[in-house]
There are 2 protein chains.
Amino acid sequence: MDQPTPKKPSRIQQKNRKRILEAALDVFSQHGYRGATLDQIAEAAGLSKPNILYYFSGKEEIHVTLLNRLMETWLDPLDEMDPNGDPLQEMLGYVRRKLQMSREFPRESRLFANEILQGAPRMAPHLESGLKPLFDRKCALVREWMDQGRLAPVDPGHLIVSIWATTQHYADFDAQLGVLMPPGAPGAETFLETLYTRLLTPGR
Amino acid sequence: MDQPTPKKPSRIQQKNRKRILEAALDVFSQHGYRGATLDQIAEAAGLSKPNILYYFSGKEEIHVTLLNRLMETWLDPLDEMDPNGDPLQEMLGYVRRKLQMSREFPRESRLFANEILQGAPRMAPHLESGLKPLFDRKCALVREWMDQGRLAPVDPGHLIVSIWATTQHYADFDAQLGVLMPPGAPGAETFLETLYTRLLTPGR
DNA sequence: TCGTGACTTTACCATTTGGTAAAAAAGCGG
DNA sequence: CCGCTTTTTTACCAAATGGTAAAGTCACGA
């Protein structure tokens, strides 16, 4: 009932595709799309270049596959925000999850940042169809909370964007932060919790 | 008294170097270092490739020149923070100047972001020698203000980093924001002013 | 106006890069 | 162990790319 045309992928195929994607994530996140080469990916994956092209039709398909996989998990923290929870705690929980995700998947974060920096040439559709609706929904939720007086009023859109900005920064600008602060940037959680608590706590 | 070894650059030399750097800023900021090609830069500058290599010894020298010029102006807003001014107003003024700079020089912002994302291979020395000392100095100033009770206490380092993150985001992630919000993201100034006012206003 | 040095162009190169063809080698069900 | 499919390797290729050599062309002071 579920393999009409695409045959089931063999074990070895699954394994090698995974290895390639893993290697490609390393390379793309470090050098960007154009800066990455198939040879680099091949070496990192421990496979020959033509062998990689046996599993993927080209460089772009690898990249697109990575972006697709990324979008699946990238939006989870935002999606998990619960309309029935305590507003402030929900917001802080989101900040915490997003920061943790940046820390846990810095390569994914950089892959994303690289793509956006370059004008999102291979991801514009995803933004429109995947991110936009969720973003709008959560903006509405936040606005509702504010209207009810359960969060201090600010522009919901800018609020969410600022959360992305601050949390992603720790992954994407690691090279800069490493020069300025003790590695790992301890205290980021505390700082961001303070920041958003003071911003969002209602009633002067 | 000021041309010991390097002869004075002729008018035409000045003009063409400027054109090349202008074109290179376009190209590098859009495609990153490895994604940019000399041919692209040449075309954007309206010069032939070998002609460009008459003015610069190679691709890397153009890039490094841009980064050097960038650092000169990039730190100005932070430098302008006045120890004798009103703490909160100084901080808000810094946020405003930084945001304005991101808006006015988005290419420079992206050039910088690209370089950092890639691990700052051509800029690490600048960070250490140019940015670090200024950063430390301003952290000390902010901490002083907090100790005097003139700003609400938070980690000064994370505070400054968060200002970079939020303000740069508007330039660097333009492609993403364009999908989510009305173009130009009006209201960013207002939002950031609210954010940092609530964070930093002393006394509960 | 003429020579000389500053600037440009034309014609190339060697390497790298994404990608292909086809032969060789594994796997694997029977 | 056989035959067929899946996987991997070897040997290439055309285009792109950073860069060079050397022959012009231009500008301008004497």
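Quick caveat, the model's predicted, so the values are computed rather than measured. Each chain gets a letter, A, B and so on, in the order the sequences are listed, and its residues count up from 1.
- We find that Asp172(B) and Arg110(B) are not joined by a salt bridge, their nearest charged nitrogen and carboxylate oxygen being 4.0 Å or further apart.
- Residue Ile163(A) comes nearest to Thr166(A) through the heavy atom pair O-OG1, 3.1 Å, listed as atom of the first residue, atom of the second, then distance.
- Within the structure, every side-chain polar atom (N or O) of Gln13(A) is placed at least 4.0 Å from both OP1 and OP2 of dT6(D).
- Close to dT8(D), at under 4.0 Å from its OP1 or OP2, lies a side-chain N or O of Tyr55(A).
- Residue Phe56(A) is out of contact with every strand shown, counting any heavy-atom pair closer than 4.0 Å.
- Proximity of Asn51(A) to the phosphate of dT10(D): no side-chain N or O atom is located under 4.0 Å from OP1 or OP2.
- Salt-bridge check for Asp147(B) with Arg143(B): failed, with every basic side-chain N at 4.0 Å or more from each acidic carboxylate O.
- The interatomic distance linking Ile52(B) (CD1) with dT9(C) (P) rounds to 11 Å, in whole Å.
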Provide a list of protein-nucleic acid N or O atom pairs under 3.5 angstrom, restricted to nucleotides 15-21 of chain C.
{"from": "dT17(C)", "atom 1": "OP1", "to": "Arg34(B)", "atom 2": "NH2", "distance (Å)": "3.1"}
{"from": "dG18(C)", "atom 1": "OP1", "to": "Ala36(A)", "atom 2": "O", "distance (Å)": "3.2"}
{"from": "dG18(C)", "atom 1": "OP1", "to": "Lys59(A)", "atom 2": "NZ", "distance (Å)": "3.0"}
{"from": "dG18(C)", "atom 1": "OP2", "to": "Leu38(A)", "atom 2": "N", "distance (Å)": "2.8"}
{"from": "dG18(C)", "atom 1": "N7", "to": "Lys49(A)", "atom 2": "NZ", "distance (Å)": "2.9"}
{"from": "dG19(C)", "atom 1": "OP2", "to": "Lys59(A)", "atom 2": "N", "distance (Å)": "2.8"}

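- The side chain of Tyr54(A) contributes an N or O atom lying less than 4.0 Å from OP1 or OP2 of dT7(D).
- A cation-pi arrangement, defined by a distance under 6.0 Å to the six-membered ring centre and an angle within 45 degrees of its axis, is present between Lys59(B) and Tyr33(B).
- Side-chain atoms of Glu115(A) come within 3.5 Å of backbone N or O of Arg122(A) as a donor-acceptor pair.
- Looking at Arg17(B), its side chain does come within 3.5 Å of a backbone N or O of Tyr55(B) through a donor-acceptor pair.
- Closest of all the heavy-atom pairs between Ser102(B) and Ala171(B) is O-CB, 3.4 Å.
- For the pair Glu43(A) CD and dT9(D) P, the interatomic distance rounds to 14 Å; values are reported in whole Å.
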Quick one: do Leu159(B) and Met91(B) satisfy side chain to side chain contact (heavy atoms under 4.5 Å, CB included)? Show the steps, please. CA-CA 10 Å; Leu159(B) 170 61; Met91(B) 294 304 300; 3.6 Å; yes
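- The backbone N or O of Leu25(B) lies less than 3.5 Å from no partner atom in the side chain of Arg107(B), so there is not a single donor-acceptor pair.
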Pairs under 3.5 Å (N/O, protein and nucleotides 27-29 of chain C):
none

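- For the helix from dT1(C)-dA30(D) to dG30(C)-dC1(D), the terminal axes (five pairs an end, C1' atoms, rotation from four pairs onto the next four) enclose an angle of 10°, given to 10 degrees.
- Contact record, Val154(A) with Met146(A): O-SD, 3.1 Å, taken as the closest heavy-atom pair.
- A straight line from CD of Glu61(B) to P of dG18(D) spans 15 Å, rounded to a whole angstrom.
- Side-chain nitrogen and oxygen atoms of Ser48(B) include none within less than 4.0 Å of the OP1 or OP2 phosphate oxygen of dT8(C).
- A salt bridge between Arg103(A) and Glu189(A) is present, with a side-chain N of the basic residue lying under 4.0 Å from a carboxylate O of the acidic one.
- Here the C1' atom of nucleotide dT7(D) and the CZ atom of Arg17(A) are 14 Å apart, to the nearest Å.
- Taking atom CD1 of residue Ile41(B) and atom P of nucleotide dG18(D), one finds them 8 Å apart after rounding to whole Å.
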